[in-house]
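Read the structure below first, then the notes.
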2 protein chains.
Amino acid sequence: MTEDELRDLPLRERKKARTRQALIDTALELFTERGFDGVTLDELCDAVEISKRTFFRTFTSKEDVAGAPTHDLWIAFLDDIESRDPSGAAILPFLCDALLSVIDRMPAEGWTRRVLLNLRLADKTPSLDAHCRYLCDLITRTALDILSRRFDVPPERDDPRLRLALDMAVAAFHHALEGWAADPAEPTRASLTARIRDTFAAVPGALTLPLTPR
Amino acid sequence: MTEDELRDLPLRERKKARTRQALIDTALELFTERGFDGVTLDELCDAVEISKRTFFRTFTSKEDVAGAPTHDLWIAFLDDIESRDPSGAAILPFLCDALLSVIDRMPAEGWTRRVLLNLRLADKTPSLDAHCRYLCDLITRTALDILSRRFDVPPERDDPRLRLALDMAVAAFHHALEGWAADPAEPTRASLTARIRDTFAAVPGALTLPLTPR
DNA sequence: CACTATAACGCCACTCAGTGGCATAAACCT
DNA sequence: AGGTTTATGCCACTGAGTGGCGTTATAGTG
């Protein structure tokens, strides 16, 4: 949510959105500095001048606020595939394009840093990692609904292909994100999209990878 | 852990294993009956006549005890791929065989029921679902280590194929488990292995699934 | 510009998961 | 049997998350 989009919302909504963003930013900074478990919710709420009760009206858990950046990305992804033109392509390029396009449209200001902190925190905080994976699975299910509504594919109980293709895309995306977040060179939006392209390209070859003993 | 394997352990280990099993069985029954959140740890510990402190020496969290059946399955899987003969096959059939073989060697008595209850609980308990996914990811990483040690494949940072193949296998396995656990007909070990074979067979076709608008 | 309706917020008390510390008891070893 | 090691029980404590309710701020209306 950029400042521009914000202006044409009612005052009440505007304040809510600002509080939400302040919580995300402050949480990411504090967690990164002192560790996820090293910061209590009370401290976070103090820093944002918010009551703990209000925190739980905005986020469902402590993990939820730290996972918000990637979650927002997934939400935008769902919105994209709701209307994207398949133009005769197979499912995997379709999903890859959707991801690339969504990343391209994310807010310019500070987006990269937020996702990066989110990923690095998740990498060393089991409960956060678990939460992100759970959210991601919810998204996958919703995406499955959207795609099977829009396109002419057999239902999941008869044919697991759509489901499997989605899971592959998610796996490829995760692998790209992981390598990107661990990159010692400053990760940029461009380096992320490059990694995504590469990983998706590697998918078909993965099926036939031969196993020769060392 | 069967009663047979149990006998040649020292008394101390035997007791620990029995307590652990009692905790799993009682937890699954209680959670199924009154819901995961409807049972407190104190109640569970009372039922097994164990102090809460001892519970946390056996399991890392409330979720952990309910996820133990599938976790045990994954541990056995790791053990299997440590020594399984690839016999020239590609990675996917190799992993499929490993899973089938592991399922075949699980304890006869009550194993199906435990896994079933675990899966059905995870299906309607977000925190449990999240925990299982996290554990599963830990396993995937370990499997990656084992395979890249045993076989002659490029390291992950240069080539994501091994990693992607593992993720696909996990996705296929999950899909099989999900359909199996939701089966209105009594799920058996045979019906599970059949589903696994079918889902793995569908993987190559998933890559090229065409998207034609309805 | 009031005036009412409607959300959001703050505060307080409470439940329950999870942890640290230490005393006790059980199993192991010789 | 006697001393050592290792598991257990108990108690007090922290911190996440929830329910209830009074208060404040925004929205909608004459």
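Applying the salt bridge (Lys or Arg N to Asp or Glu O under 4.0 Å) definition to pairs two or more places apart or across chains, those involving residues 34-51 of chain A are A:R34-A:E43. The list of salt bridge (Lys or Arg N to Asp or Glu O under 4.0 Å) pairs with a residue in residues 172-184 of chain A, not counting sequence neighbours, reads A:E178-B:R141, A:E178-B:R163, A:D183-A:R195. Applying the salt bridge (Lys or Arg N to Asp or Glu O under 4.0 Å) test to residues at least two apart or on different chains, the pairs with a partner in residues 63-86 of chain A are A:R20-A:D72, A:D80-A:R84, A:D80-A:R105, A:E82-A:R149.
In this structure, NZ of B:K62 is placed 13 Å from C1' of D:dG17, rounded to the nearest angstrom. Taking atom CZ of A:R20 as the reference point, atom P of C:dC9 lies 13 Å away to the nearest angstrom. To the nearest angstrom, C1' of C:dC28 lies 13 Å from CZ of B:R14. Atom pair B:F31:CZ and C:dA17:C1' shows a separation of 12 Å (rounding to whole Å applied).
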Under 3.5 Å between N/O atoms: give me all the protein pairs with nucleotides 24-28 of chain D, atom names plus distance.
from	atom 1	to	atom 2	distance (Å)
D:dT26	OP1	A:K15	NZ	2.5
D:dT26	O2	A:R12	NH2	2.7
D:dA27	OP1	A:L11	N	2.9
D:dA27	OP1	A:R12	N	3.3

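Taking the ring centroids of A:F77 and A:F173, they lie at or beyond the 6.0 Å cut-off.
Salt-bridge annotation for A:E186 and A:R113: absent, with no side-chain N of the basic residue lying under 4.0 Å from a carboxylate O of the acidic one.
Residue-environment remark: CZ (A:R157) stays at or below the threshold of 12 foreign heavy atoms within 6.0 Å.
The two residues A:I91 and B:A206 have their closest heavy-atom pair at CG2-O, 3.5 Å.
The residue among B:K16 and A:F36 whose nearest nucleotide of DNA chain D lies closer to the 5′ end is B:K16.
Every side chain to side chain donor-acceptor pair (under 3.5 Å) that A:T70 has, sequence neighbours left out, goes to A:N118.
For DNA chain C, the neighbouring residues in residues 41-59 of chain B, judged by any heavy atom under 4.0 Å, are B:L41, B:K52, B:R53, B:F56.
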